[in-house]
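This report refers to the structure that appears directly beneath it.
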Amino acid sequence: MHRSGTVPRMPELPEVETVRRMIEAHARGRRVAEARRSRSRLHVSSRSSGLASLRGRTLERVERRGKYLLLRFGDLTLLSHLGMSGRWLFFDEAPSRLMPHVHARLEFADGSELWFQDPRRFGQLRVVARADVDRDASLQRLGRDPLDPPLTARELAELANGSRTSVKVFLLDQARIAGIGNIYASEILFRARVHPRRRAGAVAADEWRRIAAEIPAVLQEAIDRMGTTFSTYRTPLNEPGAYGERLMVYDRAGEPCRRCGTPIRRVVQGQRSTFFCPSCQGKALKQRRSARR
DNA sequence: ATCCTATCCTGTAGGC
DNA sequence: TGCCTACAGGATAGGA
């Protein structure tokens, strides 16, 4: 039986949405007294420089675009991506103990604090002028949010029209649909009873209908449970998410399918694990064609 | 254009 | 017990 060597937390739309709500609930309306950036560097285009310019500004609201968070401070926006291991942590008062991998600290005027921690440094953090937010390359690449308004089967079919990539990789493509990650892609396809290796451009209309129904169902159920926690994922109040117990296939290779008992299989697509039930999710298109003969 | 691959990084599990 | 290694995958750049 395969057990992944690590128990990663992978912030996808439901986890990011949970973080968004928590930050709004606890830090909204607070004024930044001090904004500090640690020496530890984040990766890629993620400069946390400019953080000091948030001083004296008030956190007005927090938005989400795909897996990105936008913390709005007047005419400045703090753009944040959690990457693989990023966390926003909220404290009513400054913690006395030191924590590793803290890249940014916002100290509010009332003594509460909001920290960004990211051990693996895949996360992003940058201050952008409000006028430049919509010109940000990362945000410009994003496709539409799958929940707002809900994706329709017709839209999905149009997005996939002519695509030769697998439906699993298709669901992960943030340029088409922004927010679905590796865990929920497998879960969505299981519940829609579609084989992950099916070519996206060849998925049938009834299958798109099932996928279109399961995308909001799975994501909303996960949001309701504050996301999925494997080990270290926590909300900004340090609570675990509860969707993990609902997982049907993810990280369950070799274990019996909760629907039919067939052992769950793990394959690799695009250098990422995919989990599926070979019985419930039928066959890849290629195999199905030959079976018809 | 579209798809694919390598790369970044560190905590953790599993083997010995 | 403790050391060692393999593995997990977000976005992105560059190549086919």
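Proteins come first, then strands; the chains are lettered A, B, ... in the order of their sequence lines, and each starts at number 1.
Dashed line: the shortest gap from a side-chain N or O of A:His101 to OP1 or OP2 of B:dT10 is not under 4.0 Å. Phosphate contact (OP1/OP2 of C:dG10, side-chain N/O of A:Ser85, threshold under 4.0 Å): absent. When the side-chain nitrogen and oxygen atoms of A:Tyr184 are compared with OP1 and OP2 of C:dG9, none of them lie within a distance under 4.0 Å. Phosphate proximity of C:dG9 to A:Ser273: present, with a side-chain N or O under 4.0 Å from OP1 or OP2. The phosphate of B:dT2 has neither OP1 nor OP2 within less than 4.0 Å of any side-chain N or O from A:Ser163. Phosphate proximity of B:dT7 to A:Arg121: absent, as no side-chain N or O sits under 4.0 Å from OP1 or OP2. A close approach under 4.0 Å does occur between a side-chain nitrogen or oxygen of A:Arg176 and OP1 or OP2 of B:dC3.
Rounded to whole angstrom, the span from the CZ atom of A:Phe275 across to the P atom of C:dG9 amounts to 7 Å. A straight line from CD of A:Gln124 to C1' of C:dA11 spans 7 Å, rounded to a whole angstrom. The separation between A:Arg126 atom CZ and C:dT12 atom P is 8 Å, rounded to whole Å. Rounded to a whole Å, the CZ atom of A:Arg197 is 13 Å from the P atom of B:dC4. If you take CD of A:Gln174 and P of C:dA13, they are 15 Å apart, rounded to a whole angstrom. Atom CZ of A:Arg141 is separated from atom C1' of C:dA11 by 8 Å (rounded to the nearest Å).
Ion pairing of A:Arg72 with A:Glu60 is absent here, as no side-chain N (NZ or NE/NH1/NH2) approaches a carboxylate O to less than 4.0 Å.
Proximity note for A:Met84 (side chain, C-beta onward) versus B:dC3, C:dG9, C:dA11: the nearest is C:dG9.
A donor-acceptor pair under 3.5 Å is formed between the side chain of A:Gln281 and the backbone N or O of A:Val194.
Taking 3.5 Å as the limit, the base of B:dA6 and the side chain of A:Gln271 contain a donor-acceptor pair of atoms between them. With hydrogens and angles ignored, a donor-acceptor pair under 3.5 angstrom links the side chain of A:Arg120 to the base of C:dG9.
Nearer to the 5' terminus of DNA chain B, by closest-nucleotide assignment, is the contact made by A:Gly270 (compared with the other of A:Gly270 and A:Pro119). The 5' end of DNA chain B is approached more closely, in terms of each residue's nearest nucleotide, by A:Arg164 than by the other of A:Pro100 and A:Arg164.
Under the 30°/60° scheme for interplanar angles, the aromatic rings of A:Phe116 and A:His103 are found to be tilted.
By the side-chain hydrogen bond (donor to acceptor under 3.5 Å, both in side chains) test, A:Glu34 is found to be paired with A:Arg55, residues two or more places apart in sequence or in another chain being considered. For A:Arg105, the salt bridge (Lys or Arg N to Asp or Glu O under 4.0 Å) criterion is met by A:Glu107, A:Glu113, not counting sequence neighbours.
Under the 6.0 Å distance and 45° angle rule, A:Arg65 does not count as a cation-pi partner of A:Tyr68.
Stem regions annotated for DNA chain B: B:2-16 with C:2-16, counting only runs of 3 or more consecutive pairs of Watson-Crick or G-U type with both contacts under 3.5 Å.
Heavy atoms of A:Phe170 sit nowhere under 4.0 angstrom from any nucleic acid atom.
Under the 3.5 Å distance criterion, with hydrogens and angles disregarded, a donor-acceptor pair is assigned to the side chains of A:Glu15 and A:Tyr184.
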